[in-house]
2 protein chains.
Amino acid sequence: MRNQGQRLVRGTDVARAAGVSVATVSLVLNDRRNVVLSERTRDRVREAARRLGYLPNRVAQSLIQGRTRTVGVLLPSLASSFVARIADGIETAAAAAGLGLLLANSRHDPESEDRQLGILLGQRVEGVVLVAGEGTVSTLGKRLERLQQSATPFVVVDDETHGHRGDCVVSDDRQGMDLAVAHLASLGHRRIAHLGAGSITSSALARLDGYRAAMARLRLRVDRDWIEGDAFRSADPAASLMRLLRARRPPTAVVAANDRHLAEALPTLRAAGIGVPGDLSLVGYANYDFASYLDLTSVEQDPEVIGAKAFGQLLSRITDGPSKPARIRVPVRLIVRSSTQAAFFRS
Amino acid sequence: MRNQGQRLVRGTDVARAAGVSVATVSLVLNDRRNVVLSERTRDRVREAARRLGYLPNRVAQSLIQGRTRTVGVLLPSLASSFVARIADGIETAAAAAGLGLLLANSRHDPESEDRQLGILLGQRVEGVVLVAGEGTVSTLGKRLERLQQSATPFVVVDDETHGHRGDCVVSDDRQGMDLAVAHLASLGHRRIAHLGAGSITSSALARLDGYRAAMARLRLRVDRDWIEGDAFRSADPAASLMRLLRARRPPTAVVAANDRHLAEALPTLRAAGIGVPGDLSLVGYANYDFASYLDLTSVEQDPEVIGAKAFGQLLSRITDGPSKPARIRVPVRLIVRSSTQAAFFRS
DNA sequence: CCTGTTGCCTAAAACGTTTCAGTCAACGGC
DNA sequence: GCCGTTGACTGAAACGTTTTAGGCAACAGG
């Protein structure tokens, strides 16, 4: 720790240089206008501070003021661009509000998430944004309880199954599925199948749910063998998609819970001689950058806005205190490309 | 700030509950073995701490110990998956070393980066990882100077043009280009052109440089019109690629500085009736996830390792103090897919 | 000369830890 | 009974700020 040798400049140093007390330094630099101070003194202090390169020690400030101006963000990984962009949104909003971000990464491990949360609370963050992820969501309740006990405001992102415990912000998966199904229906499709996400996260379930609701709303029947790749199926999207096409009444279109599954299944479709969109229309989900390269119609989410809203909600909890849990759903929009076209066959 | 009302439990509270002094609480909880303390007292204190849910206030600890156990990460954005994965690598390494991460985002704006750096230094982070980005790299030196003045250890990531000022960690772009060119040469290609990144970042320059060096090493001539999309050209990759194909001696293969440029140019190639790899072999760079969906041969980087190495270097600076600047280049590897095949024509 | 008033600044406490010198009791040896 | 030693714990300072009550000089009014 060589910084010890070369101490950073403190308020005392500025005070000595300006020929005043530390109290005065603080008063001047924080521009306490209700205290009378001569312009001459102000200038002297400011000049000394500038000359010495004085940066008030935030640690000491935090201790005395009882607030750290820092919020914690606990996420499962930054490898997912969806999560990373949420973090970006949180950071931007926090910076605008003058709050810093302490980042912790659970690596999808509940125990690690526990430990990290402990560290964040030890650091006395003023609030926590908890981004749910596979692996940690099932035991999330335990950590929310801990947050409640320590009276630390929090917001959950990307999971609404714990909505009764506090605020949550999610992407509007139901709306997304409705847009996808409605788009296909407007093209004349009646036999629309669903290729699920193969996981049991809150949004995977919401997308399946949204698919069913949209079909019901449009009075379209859903055959039993039109849903594939749910939590109980293997994670082979191509095989799942091919199974869908062997249904008793084969679908003319498929809405997927994830672009990635479609991208992976595309070569198999091509090999089987099934043209897209000629023989089969496809709608993906998430609008990853490759969706445009593959010309996939897809539902675009807005992770930056999710992050911004999550921070906004957290901030209002920090300043206004608790009240009835809010559930914020961020709208999505459909990006139409050439993987969808009018139905080639009407039932 | 409602947390004020419901204060968190302090060492004093534990001390009172256990019938000892605060000093004892600290001694027990920090397991100071060189001080003699009876087992009975230890147990009483530990029990009281557990019962009250005592979490030592890190802010006070930091103040007294003069170290915050926190490093700052200053990056241009989390929207880039490359940067996000670097951050992930840093976080993982930092967590393993027991250090927290304060995240700041410059949004590609030098002024904002300045401000953010000020905040990090105010927070008394023990070191800073500075991830360079377009927009901020040109004025990076100013901030490095500031870091040097405050005697805060730092490491620069993704830029080696400031290597004289301190440590830097970069992906080995020269090696990557060498792998790409050598791969094509081994397939019999002699006329290999370069589609640049269209930016003037350190790695774009290094990739161009690596291309030239590799061609020279293999004794392959580089025509003047075989380099496109450098900093002075417009950012239309498809047009750049088509220009390459109109060269006096048209190339049979192209190595790009970025997968994305190839992905965007692909439709144009298809429209022009140029088959890949039949008429033209392509090698991309970065191995984005879409590279596999588009079957692009590409150079894969390892951002997590870049982050880990950056943190490792920073940590050794923090503990061992300064010495000769290190320049760490993280190896890359070539992922061969079907966008490259044996040359159709030998010169 | 006394009493206020005003203007400008400062002393000192406080925040919640850690650390170390020191206290105090008990005990043993002589 | 005295001295030293050991074991077990504690008092108080320290970290670098902010904040508030109050000090002090100058000056005015009576």
Side-chain angles (χ1 to χ4, degrees), chain A residues 1 3-5 7-46 48-49 52-69 121-124 126 150, chain B residues 1 3-5 7-46 48-49 52-69 121-124 126 150:
Chain A
M1 308 293 97
N3 262 11
Q4 242 65 354
R7 294 214 91 75
L8 290 187
V9 35
R10 294 153 304 172
T12 331
D13 305 320
V14 178
R16 194 169 335 105
V20 296
S21 70
V22 258
T24 307
V25 172
S26 171
L27 259 18
V28 170
L29 264 33
N30 291 9
D31 221 26
R32 286 263 164 285
R33 273 288 157 192
N34 47 334
V35 177
V36 271
L37 285 175
S38 70
E39 266 319 310
R40 212 175 62 91
T41 307
R42 286 181 195 277
D43 287 346
R44 278 225 313 278
V45 170
R46 277 197 271 259
L52 299 178
Y54 174 57
L55 259 186
N57 186 331
R58 284 254 199 179
V59 177
Q61 285 183 329
S62 296
L63 183 60
I64 189 69
Q65 294 178 335
R67 50 169 314 196
T68 51
R69 288 165 200 282
L121 292 178
Q123 301 266 23
R124 298 298 190 265
E126 298 188 24
S150 70
Chain B
M1 311 291 97
N3 262 11
Q4 242 64 355
R7 294 212 92 76
L8 290 187
V9 32
R10 295 153 304 171
T12 333
D13 304 320
V14 177
R16 195 168 337 103
V20 296
S21 71
V22 258
T24 307
V25 172
S26 171
L27 260 19
V28 170
L29 264 33
N30 291 7
D31 220 25
R32 286 263 164 286
R33 273 289 158 191
N34 48 335
V35 176
V36 270
L37 284 175
S38 71
E39 266 320 309
R40 215 175 60 90
T41 306
R42 287 182 194 278
D43 288 345
R44 278 225 312 279
V45 169
R46 278 197 269 259
L52 299 178
Y54 174 57
L55 259 185
N57 186 331
R58 285 253 197 179
V59 177
Q61 286 182 329
S62 297
L63 183 59
I64 189 69
Q65 295 178 336
R67 50 171 312 198
T68 50
R69 288 163 199 283
L121 292 177
Q123 300 267 23
R124 298 297 189 266
E126 297 187 25
S150 70

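Every chain is numbered from 1, with letters handed out A, B, ... down the list of sequences.
Using a 4.0 Å cut-off, some side-chain N or O of N30(A) falls inside it from OP1 or OP2 of dT18(D). Phosphate contact (OP1/OP2 of dT10(D), side-chain N/O of T24(B), threshold under 4.0 Å): present. A close approach under 4.0 Å does occur between a side-chain nitrogen or oxygen of S38(A) and OP1 or OP2 of dC9(C). Dashed line: the shortest gap from a side-chain N or O of T41(A) to OP1 or OP2 of dC8(C) is not under 4.0 Å. Distances shorter than 4.0 Å separate none of the side-chain N or O atoms of R10(B) from OP1 or OP2 on dT17(C).
Rounded to an integer number of Å, the gap from R42(A) CZ to dC8(C) C1' is 11 Å. Put simply, CZ on R32(B) is 9 Å from P on dC20(C), counting in whole angstrom units. The interatomic distance linking R67(B) (CZ) with dT18(C) (C1') rounds to 14 Å, in whole Å. As a whole-Å value, the separation of Q123(A) CD from dG16(C) C1' is 14 Å. Following rounding to the nearest Å, L27(B) (CG) and dG16(C) (P) show an atom-to-atom distance of 20 Å. In this structure, CG of L8(B) is placed 14 Å from C1' of dT17(C), rounded to the nearest angstrom. Spacing between atom CZ of R124(A) and atom C1' of dT17(C) amounts to 11 Å, rounded to whole angstrom units. When the P atom of dG16(D) is taken as reference, atom CD of Q61(B) falls 17 Å away, rounded to whole Å.
Distances were taken from every side-chain heavy atom of L37(B) (C-beta onward) to each of dC9(D), dT19(D), dT17(C); the shortest belongs to dC9(D). Candidate nucleotides dA11(C), dG16(D), dT18(D) were compared by shortest atom distance to the side chain of N57(A), and dG16(D) ranks first. Candidate nucleotides dT17(C), dA11(C), dG16(D) were compared by shortest atom distance to the side chain of I64(A), and dG16(D) ranks first. For Y54(B), the side-chain atoms get nearest to dT17(C) when compared with the rest of dT17(C), dG16(D), dC9(D).
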I would like to know whether R10(A) and D13(A) meet salt bridge (Lys or Arg N to Asp or Glu O under 4.0 Å); could you show each step before the answer? CA-CA 5 Å; R10(A) 294 153 304 172; D13(A) 305 320; 3.2 Å; yes
Yes or no on side chain to side chain contact (heavy atoms under 4.5 Å, CB included) for L8(B) and R124(A), after CA distance, side-chain angles and deciding distance? CA-CA 9 Å; L8(B) 290 187; R124(A) 298 298 190 265; 3.3 Å; yes
Would R58(B) and T68(B) count as a side chain to side chain contact (heavy atoms under 4.5 Å, CB included) here? Give the steps. CA-CA 8 Å; R58(B) 285 253 197 179; T68(B) 50; over 6 Å; no
Just do the salt bridge (Lys or Arg N to Asp or Glu O under 4.0 Å) check on R69(B) and E126(B) with the steps written out, would you? CA-CA 7 Å; R69(B) 288 163 199 283; E126(B) 297 187 25; 5.9 Å; no
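The nearest heavy atom of DNA chain D to L63(B) and to S21(B) marks one nucleotide each, and the one closer to the 5' end goes with S21(B). Of the two residues near DNA chain C, A60(B) and R44(A), the one whose nearest nucleotide lies more 5' is R44(A).
Within the nucleic acid shown, S62(A) has no heavy atom closer than 4.0 Å to any nucleic acid atom. Using a 4.0 Å heavy-atom cutoff across all strands shown, R58(A) reaches no nucleic acid atom at all. Residue-level contact check: V25(A) touches neither bases nor backbone, having no heavy atom under 4.0 Å from any strand. Contact annotation for V20(A): backbone-only contact, meaning every heavy-atom pair under 4.0 Å involves sugar-phosphate atoms and none involves a base.
Between Q61(B) and N57(B), every side-chain heavy-atom pair lies at or beyond the 4.5 Å cut-off.
Between L27(B) atom CG and R42(B) atom CZ the span is 8.0 Å, to the nearest 0.5 Å.
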